[in-house]
There are 2 protein chains.
Amino acid sequence: MKYQEAKDELIQAWGNLGYSWGLNKTMAQVHALLMISTRPMSTEEIMQELSISRGNANMNIRALLDWGIIERVSVPGERREYFKSEKDVWALARQVARERRKRELEPILKVLRKVNDVSGDGSEELKEFKRVTRDLKNFAEKSDGLLETFIRSEENWFWNTLMKIMK
Amino acid sequence: MKYQEAKDELIQAWGNLGYSWGLNKTMAQVHALLMISTRPMSTEEIMQELSISRGNANMNIRALLDWGIIERVSVPGERREYFKSEKDVWALARQVARERRKRELEPILKVLRKVNDVSGDGSEELKEFKRVTRDLKNFAEKSDGLLETFIRSEENWFWNTLMKIMK
DNA sequence: CTTTATTTTCAATATTTATTGAAAATTAAA
DNA sequence: TTTAATTTTCAATAAATATTGAAAATAAAG
């Protein structure tokens, strides 16, 4: 397999995976591009490489900055901005986990805590509702705690421990 | 908070969370409805409860069956079909993990294995590409293994072990 | 068979989300 | 300042996705 081919396929695949991680397709593709680049890239280069418009490039770059998985680089004597990606896969995963926790898990936890506190008669329906929301809440809280640990952890410690679990 | 209000809010919130789990919104709402229902529900009832069309209800019910998180129930002497959800949150999470692993992680792993095997000169670009894809592949393989363990595990064993990690 | 209840399909439509590109805003240098 | 390079915004448009509803298919009952 040739380099250009491999590169295109990776960017494509990363686009799909990123999508299922809560990024959008183009955002994930810009990220993939920066991941494999040996040097920071400008908006211009990103537009060109992915054949996307200036506006699109700009918005997705900003979204990636907002997620905290790429950063600005300024080159002395140059006016335009360059961007580079966090290359450490572990740090990347932690950052994504941090954002998803904030964007997805925390909101549902809030709702589960609230609705579990429903008032009313002792009907079968209500009992079932409380039982289900309590179970969901417990599960979500455990997941949240695990995620929290993951986010704070150091790579080796975390994997080593998990490896032991998995034997 | 009143029951009807709590129910609506849960269904809404579940719709959003389900979405970030790879289901679509309506699919997740149908699922939420069946989760809190004390008895199996028919297509008719689901349509009514969520104010959606027959076609929409039918398609999303089939998608849930396909994901393996709801099942058909036939009532003796009745012609129409009823549906019920897996109520065990743990079993549900494992099933979702199983499907996502199949639908998302396996495809990217396949690509990573393939592109890591790229041929070419000893250029800096190529070296970087190989380095990045190797790291991603390792990470994805570890995640895959962990997911595999999760899917096969028993609830208590898994959480107890994780609890120890988190101390 | 024929009738009738029920489920499934799918073209048309609506809704949501992503993308473009040109104009406006910003920023740094002259 | 003014000029020019660069970034940002955003209304218009395109593309993708979800939803409807009626017609077709299926399957049980008479």
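Naming: A, B, ... by sequence-line order, numbering from 1 per chain.
- Enclosure of atom CD in B:E106 by more than 12 non-hydrogen atoms of other residues, nucleotides or ligands within 6.0 angstrom is indicated.
- Annotation: A:R103, atom CZ; neighbour count of heavy atoms from other residues, nucleotides and ligands within 6.0 Å is above 12.
- A:Y19 OH: 12 or fewer foreign heavy atoms inside a 6.0 Å radius.
- Salt bridge A:E148/A:R98: absent, no basic N to carboxylate O contact under 4.0 Å.
- Within the structure, the salt bridge (charged side-chain N to carboxylate O under 4.0 Å, His left out) test picks out no pair touching residues 22-35 of chain A (sequence neighbours left out).
- Of the residues in residues 11-49 of chain B, none has a non-hydrogen atom less than 4.0 angstrom from any atom of DNA chain C.
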N/O to N/O distances under 3.5 Å, protein versus nucleotides 10-13 of chain D:
none

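- Residues A:L109 and A:V111 do not share a hydrophobic cluster, clusters being chains of Ile/Leu/Val/Met/Phe/Trp/Tyr side chains in contact below 4.5 Å.
- If you measure from atom CG of A:N58 to atom C1' of C:dA24, you get 13 Å, rounded to the nearest angstrom.
- Between A:E104 and A:I108 the shortest side-chain heavy-atom distance does not fall below 4.5 Å.
- Near DNA chain C, meaning a heavy atom under 4.0 Å from it, residues 61-84 of chain B has B:R62, B:R79, B:R80, B:E81 in order of number.
- Note on residues 73-85 of chain B: pairs passing salt bridge (charged side-chain N to carboxylate O under 4.0 Å, His left out), not counting sequence neighbours, are B:R72-B:E81.
- Here the straight-line distance linking atom CD1 of A:I36 with atom NZ of B:K130 works out to 14.0 Å at 0.5 Å rounding.
- For B:R54 and C:dT6, the CZ to C1' distance is 8 Å, given to the nearest whole Å.
- Listed by chain and residue number, A:N58 satisfy the side chain to side chain donor-acceptor pair (under 3.5 Å) test with A:R62 (two or more places apart in sequence, or in another chain).
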